[in-house]
Amino acid sequence: MEALIKTEELTKAYPVRNGFWGKPDAVTAVNKISLALQKGRSLGLIGESGCGKSTFGRAVCGLEKIDGGTLWFGDKDVTNLSRDAFRPYRRNIQMVFQNSLAAFDPKYTIRQSIEEVLNNFEPLCEAERSARVERSFEQVGLEHRLLNRRPNELSSGERQRANIARALILNPQVVVCDEPLASLDYSRRKSILKLLQDIGREHDVTYLFITHDLSTIRYICSQIAVMYLGEIVEVMNVENVEGEMLHPYTQLLFQAVLIADPEKRGTVCREALDGAEPLFEHLAGCAFRNRCRFRSEICSACKPALQEITPGHFVACHRISPSNRAAGNRLINISGGKK
Ligand SMILES: Nc1ncnc2c1ncn2[C@@H]1O[C@H](COP(=O)(O)OP(=O)(O)OP(=O)(O)O)[C@@H](O)[C@H]1O
Ligand SMILES: [Mg+2]
């Protein structure tokens, strides 16, 4: 199947300083991620806060300078293209940003912000430009009069729709949605989700859908990738997630979602994670090892590769291989104990 976008060992680190006098250091936000986004098979990217989801999304859109690895658009290596050379690809990969208020320049009206995107890629006469912007607003169910407002004069739901209109105005093949529902209440979430679903179908858009909210993924995506501390630990098909998931971290994430009471959910997760803090110095071994009840010597010694266990299902765990897939079945039960 044709991959619209592919990353090979994509790596991004940010320089950080520990305190004023501290030594300059680096945080590896994305660590050698290899993923493919197939045409028509939207991919959900999940994982806890700070694991690198937004960084990966921005890197895929060419908005972050990559420190290692390769980014492919179709069969073209676009990793080291200049800004100008990247432009034809950029118009086909748009982003709905995590924070819809910060995504718009407060000095401009929404109309000016959306027109700017058109001007950058498709200069049109004023009448045509205006008609295109208004059509994009109709597409996301917003009235034209809102176009003349500034971002802070819209409700969060309206602003998120405007954010989506701007991402879609160039008819991109790929849209990276970074927590598109995060700032919305339940009813607005549902309507934005439906909107993304409809647009995806009607306009042949493939999404990289970044979220904390597992329950939304199945409405939009065909595949899920689970990220932990900058790495992908599992990739699987959406249809059969409950039966398929094998990595201990994936199981914890999904089991936590099934617990309605947030307090109990937190306790179960902490117990199941052995109370350990995430391990940031993880480059040598498995990133999850200090929080995993099933760790053994090999987990500190070397990093597990992401192996294809069954067609389309990849897991990075030393316990699980194509020949002993059963080792991953129900590693942890819902009350946090081992089976
Ligand atoms: N500009 C930056 N400079 C330094 N560190 C950064 C920068 N942006 C992100 N980071 C760090 O990189 C890591 C990954 O951040 P990122 O925003 O990609 O996480 P995330 O998974 O999107 O989190 P969330 O779910 O909270 O949005 C974090 O440790 C974060 O502190
Ligand atoms: Mg983020």
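All ligand and atom numbering here is 1-based and tracks the order in the structure.
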Review point. When you look for heavy atoms under 4.0 Å from ligand 1, do you find them on the side chain of His212, its backbone, both, or neither?
Key: side chain
Between [X] and [Y], does any side-chain donor sit less than 3.5 Å from a side-chain acceptor?
{"X": "Asn237", "Y": "Arg41", "value": "yes"}
{"X": "Glu116", "Y": "Asn119", "value": "no"}
{"X": "Thr79", "Y": "Asp77", "value": "yes"}
{"X": "Ser296", "Y": "Arg319", "value": "no"}

Point to revise | Ion pair Arg291/Glu48, N-O distance below 4.0 Å | key: yes
Review point. Between Arg132 and Glu115, is there a side-chain N and carboxylate O pair less than 4.0 Å apart?
Key: no
Practice item. Using a strict cut-off of 4.0 Å, indicate which atoms of ligand 1 neighbour a heavy atom of Thr55. Key: 14 (C), 15 (O), 16 (P), 18 (O)
Revision key, fill the gap. For Gln98, the atoms of ligand 1 under 4.0 Å from one of its heavy atoms are 27 (O)
Check your understanding: N/O/S atom of Gln98 under 2.8 Å from the Mg ion (ligand 2), yes or no?
Key -> yes
Review point. Can an N, O or S atom be found in Thr55 less than 2.8 Å away from the Mg ion (ligand 2)?
Key: no
What about [X]: any of its N or O atoms under 3.5 Å from an N or O on ligand 1?
{"X": "Val16", "value": "no"}
{"X": "Val27", "value": "no"}
{"X": "Ala29", "value": "no"}

Revision key, fill the gap. What one should report as the nearest heavy-atom pair of Phe97 and Arg166 is CD1-NH2, 4.4 Å
Practice item. For atom 22 (O) of ligand 1, state which one of Gly57, Ser54, Gly47 supplies the nearest heavy atom. Key: Ser54
